[in-house]
Amino acid sequence: MPGSSNNLSPLHSGAHGGIFLGIYLSVIFGLQVAMQWYPQISIIATIAIFAFPLVLYRRLRISYVRGGCGASYGDLFAQGVLSVLGGAIVSCLVSVVYIRFFQPTYVTDLLDGMVLAYTQAGIPLDDPAVAQLTYMRESGALPAGTELCILISSSIVIFGTILSIAAAALACRPLRRTAAAKSE
């Protein structure tokens with residue numbers, strides 16, 4: 001039945017998945033911001049980042065099962081890409097609002113934190129990476145907050161598209177039969 005909630009189009013399912021992934025990615029951004037004041041949160045942020053492929057797979061698998069296992073690989077792939085695109089847009093908006101209104105110095109603070117981490121690790125200031133970061137800071141060649149958010153969102157979409165290839169393939173596997181169903 002076309003109006004059935006069990007048989008949603010990839011666009012509709014992708015939009016719902018995009019909202020969920022947008023919230024998930026926004027939480028990751030929030031954890032990264034909080035790491036400036038509470039460095040011990042970094043383990044949680046790292047786990048959340050590395051769990052992203054699993055979260056995407058679970059979203060696609062749930063959609064596949066709820067749809068009666070009738071979705072094709074192409075439908076699930078499209079849903080995955082659209083979910084990641086929607087999630088990147090939502091998290092980009094959240095990030096831009098935060099940077100613009102709550103911490104306008106976010107990019108410079110991030111760069112200063114990287115230089116500090118390098119120096120605390122014993123890397124000398126004349127190291128090419130540290131020198132480049134210092135030069136960027138001194139010359140004002142830093143990206144604006146919106147540019148950084150767009151760059152990160154673009155990376156999320158590219159990475160998410162690649163992940164969707166594998167996640168969709170895994171999500172559209174046939175369901176396992178239980179022992180009771182096999183004995184019948």
### Message
Restricting to non-hydrogen atoms, name the atom on L111 and the atom on L133 that form the minimum distance, rounded to 0.1 Å.
### Response
CD2-O, 3.4 Å
### Query
Hey, mind stepping through I99 and V96 against side chain to side chain contact (heavy atoms under 4.5 Å, CB included) and telling me if it holds?
CA-CA 5 Å; I99 291 171; V96 166; 5.9 Å; no
### Any side-chain heavy-atom pair of Q40 and I43 under 4.5 Å
no
### Query
What are the two closest non-hydrogen atoms of L56 and S164, and how far apart are they?
CD2-OG, 3.7 Å
### Query
Any side-chain heavy atom of P143 sitting closer than 4.5 Å to one from V107?
yes
### Message
Between I152 and V33, is there shared hydrophobic-cluster membership here, with clusters defined by ILVMFWY side-chain heavy atoms closer than 4.5 Å?
### Response
yes
### Pairwise distance OG1(T46) to CD(Q32) - rounded to 0.5 angstrom
8.5 Å
### Query
Any donor-acceptor pair under 3.5 Å linking the side chain of T105 with the backbone of T108?
no
### Task
Compare all side-chain heavy atoms of T161 with those of V84 and state whether any distance is below 4.5 angstrom.
no
### Task
Might you point out which heavy atoms bring A168 and F77 nearest each other, and give the distance in Å?
CB-N, 3.5 Å
### Message
Under the side-chain hydrogen bond (donor to acceptor under 3.5 Å, both in side chains) definition, can you give me all pairs with a residue in residues 130-156, not counting sequence neighbours?
### Response
D112-R137
### Task
Can you measure from CG (L76) to CG (L170) and round to the nearest 0.5 angstrom?
11.0 Å
### Query
Same cluster for L142 and L151 if Ile/Leu/Val/Met/Phe/Trp/Tyr side chains link at under 4.5 Å?
no
### Query
Is I41 linked to M114 within one hydrophobic cluster, defined over Ile, Leu, Val, Met, Phe, Trp and Tyr using a side-chain heavy-atom separation of less than 4.5 Å?
yes
### Task
Following the transitive rule for hydrophobic clusters with a side-chain heavy-atom cut-off under 4.5 Å over Ile, Leu, Val, Met, Phe, Trp and Tyr, establish whether L25 and V81 coincide in one cluster.
no
### Heavy-atom pair with the smallest gap, counting every atom of G80 and L60
N-CD2, 3.6 Å
### Task
Kindly write out the residues that satisfy side-chain hydrogen bond (donor to acceptor under 3.5 Å, both in side chains) with Y24, not counting sequence neighbours, or none if the list is empty.
none
### Message
Within the structure provided, determine whether Q79 and S63 are in side-chain contact (heavy-atom separation under 4.5 Å).
### Response
yes
### Message
Looking at every non-hydrogen atom in both residues, tell me the closest pair between A171 and R61 and how far apart they are.
### Response
O-NH1, 2.7 Å
### Query
Just wondering, are more than 12 heavy atoms of other shown residues or ligands nearer than 6.0 Å to OH in Y118?
no
## Note on the structure
Rounded to the nearest 0.5 angstrom, the CD-CG distance for Q36 and D109 is 5.5 Å
### Message
Could you measure the distance from the OH atom of Y98 to the CD atom of Q103? Nearest 0.5 Å is fine.
### Response
3.5 Å
### Query
Where is the tightest heavy-atom contact between Y64 and C172, given as atom of each residue plus distance?
OH-O, 3.4 Å
### Message
Nearest 0.5 angstrom please: C149 SG to Y106 OH, how far?
### Response
8.0 Å
### Query
Going from CD1 on I44 to CD1 on I28, what distance comes out if it is rounded to the nearest 0.5 angstrom?
12.0 Å
### Query
In the single-linkage hydrophobic clustering (I, L, V, M, F, W, Y; side-chain heavy atoms under 4.5 Å), do L31 and F102 co-cluster?
yes
